[in-house]
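Order of appearance sets the numbers: ligands from 1, and atoms from 1 within every ligand.
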Amino acid sequence: MTIRTRFAPSPTGQVHIGNLRVAIYNWLFARHAGGKFLLRMEDTDRERSTPEAVQAVLDAMTWLGLEPDESPVYQSQRRQAHLEAAEQLLSKGLAYKEDKGGTGRGEAVLFRMPGSAMTFHDEIKGDLHKQAKDMKDFVIVRSDGAPVFHLANVVDDIFMNVSHVIRGDDHIENTFRHIALYQALNAPVPKFAHLPMIVNAQGKPYAKRDGDAFVGDFREKGYLSEALLNYLALLGWSPGEDREMMTRDEMIRLFTLDRVQSGAAQFDPKKFEWMNGEHMRALPKEVHREKYLAAIPNAGDDPAYLDAVIDVMQERVKKWPDIPGMAGFFFTEDYPYDEKAVTKRLRREGALDLLAALKEAYTSLDPFNAETTESALRELADARGAKPADLIHPVRIAVSGIPHGPSLFHMLEVLGKARVVRRIDRTLERFG
Ligand code: GLU
C-alpha cells in the first residue's frame, strides 16, 4: 500500500501550534514511510476561510519546510463531487431527504447510520467502540444545499487516496460516522490515528493566554523554525532513547506512530526556549556572525573580538532578536545603565569604594583573563572583609550596564583590560 497522509486544516485565522503539530506528524509519518504528504484546505466556511487565513496556513508550512508532494486540494472547489456522492447515497437508499424542523425552507439530506455497534482500531488510542443507540442518522447536505463537513471530508479523502488519517482527537466521535460513510460509498476505509491535545501547565487546552500559541508569534519573535519543528514533534512523541535535539532527517528516520503517547501533551514555553537555544548553538559560526552584524552596526570592526563575544554569549542568547539587548554593550561605550540595578548595586554603602579598589587591582593585572580577574577580585574582597558578591554585581553593572549576562570573568576577559578599566572609571565618575 502506498502511504498517503494529508493535513486538512480549516483555515479560520492564525495557525495554532496544535494544528501545526498535526501537520508535522502527518509529514513525518509520510516521509518515514517514503509515502506522500498532501494538503487539503477545508475552506468551505465562507465567512472564516478568508484568503488571508488560507495564506497563513501556506506560509506556516513553507516556514517549517512542510512542503506537500502534490498541489493542495481546495475543498470549496469540490462541492459538485460532494453533492454527487450524496445523490449516489440517496439513489441506493443509504440517505434520505427530510424537512428538518418542518420549516418549509427545503429538505436536508440525512445519512442513514447502519444501526449496529461499531469498533475501529486507532493507531494511537487502540480499539474504540460505540453502541448502535449512540449513532444517529446525520445531515450530509443542509437544506440550503451546502454539503456538511462529514461528507466533504470523507469524499475528499477518498478522492485523494488517503491511506492514513492523522488528526486531533476531537475528531474521534466523527470517525464512527466517517467509517460508515466510507463503507456506504464502497471505498476502502483508511487507518486512523488521533493525536492527543496540547495542554498548558494546568492541563487545560493550550491557548493564547498561556503564551505564544500561533505559528506567526514564533516566527515574529525570531525563533528558529527548526526548533519549533523539533519541539512540536516531541510534544507527545519520543523516539525512545533520551533524544531531544534532532535534525529533520533524524526525526524522519525515527518517527513511528506507536511511540506517540495517547494522553495530553504539555507545552512548556521554557523548554521550548531551551530547545531554540540548542538549535542556535548547532548553527555554524558564520550564521551567528551575520546575525550580529545585522543587529549591531559596528560589530564587524574587530572580527576576532566579535568571535570571542559570540562564544561567550552563546549560552545566553536564546533567539536572534535578543542580540542587541544582551550583547550590545560589547560594542559601544554608550550603553544604558539599568536603573534598578544601579540603585541596588552601585548606590549601596561602600560599593563604589570597593569598585575603585578593584579598578586599581585590575589596572596592574597581567595577564588579564578569566582566572586572574577572578582571583584578584576574591583577594580584594577578602582583604576588605567583603563578600565576593559585593564586587561581582557592581563590576558587572559597571562594564555592561545590565544585571545579567554571561559568566562575569569570561566576559571581563573578552572585554579586555583597557575596556574594563575605562568602563569602571567612567562608572565611578558618573555615580560617584
Ligand atoms: N478540518 C478539520 C480540522 O481542522 C480536520 C479534519 C481532518 O483532519 O480530518 O479540524
Under 3.5 Å, which donor-acceptor pairs link side chains of residues 407-415 to any protein atom two or more places apart or in another chain?
unit_1 : atom_1 : unit_2 : atom_2 : d
S407   : OG     : H410   : ND1    : 2.7
E413   : OE1    : A370   : N      : 2.7

>> Assess the residue pair L228 and F272 against the criterion (side chain to side chain contact (heavy atoms under 4.5 Å, CB included)); give the C-alpha distance rounded to whole Å, side-chain angles, the decisive distance to 0.1 Å, and a yes or no.
In response: CA-CA 7 Å; L228 189 60; F272 167 68; 3.9 Å; yes

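- The contact shell of ligand 1, taken as protein residues with any non-hydrogen atom closer than 4.0 angstrom, comprises R6, A8, P9, S10, E42, F149, N153, R167, H171.
- Under a 3.5 Å cut-off, the side chain of S238 and the backbone N or O of L234 do not form any donor-acceptor pair.
- The side chain to side chain donor-acceptor pair (under 3.5 Å) check on R422 picks up E333, with sequence neighbours excluded.
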Validation: residues 300-312 side-chain donor-acceptor distances under 3.5 Å, sequence neighbours left out:
unit_1 : atom_1 : unit_2 : atom_2 : d
D302   : OD1    : A304   : N      : 3.2
D302   : OD1    : Y305   : N      : 3.2
Y305   : OH     : F330   : O      : 2.7
D307   : OD1    : R289   : NE     : 2.8
D307   : OD2    : R289   : NH2    : 3.1
D311   : OD1    : K285   : NZ     : 2.9
D311   : OD2    : K285   : NZ     : 3.4

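- The existence of a salt bridge linking E70 and K36 is excluded, since no basic side-chain nitrogen approaches an acidic carboxylate oxygen closer than 4.0 Å.
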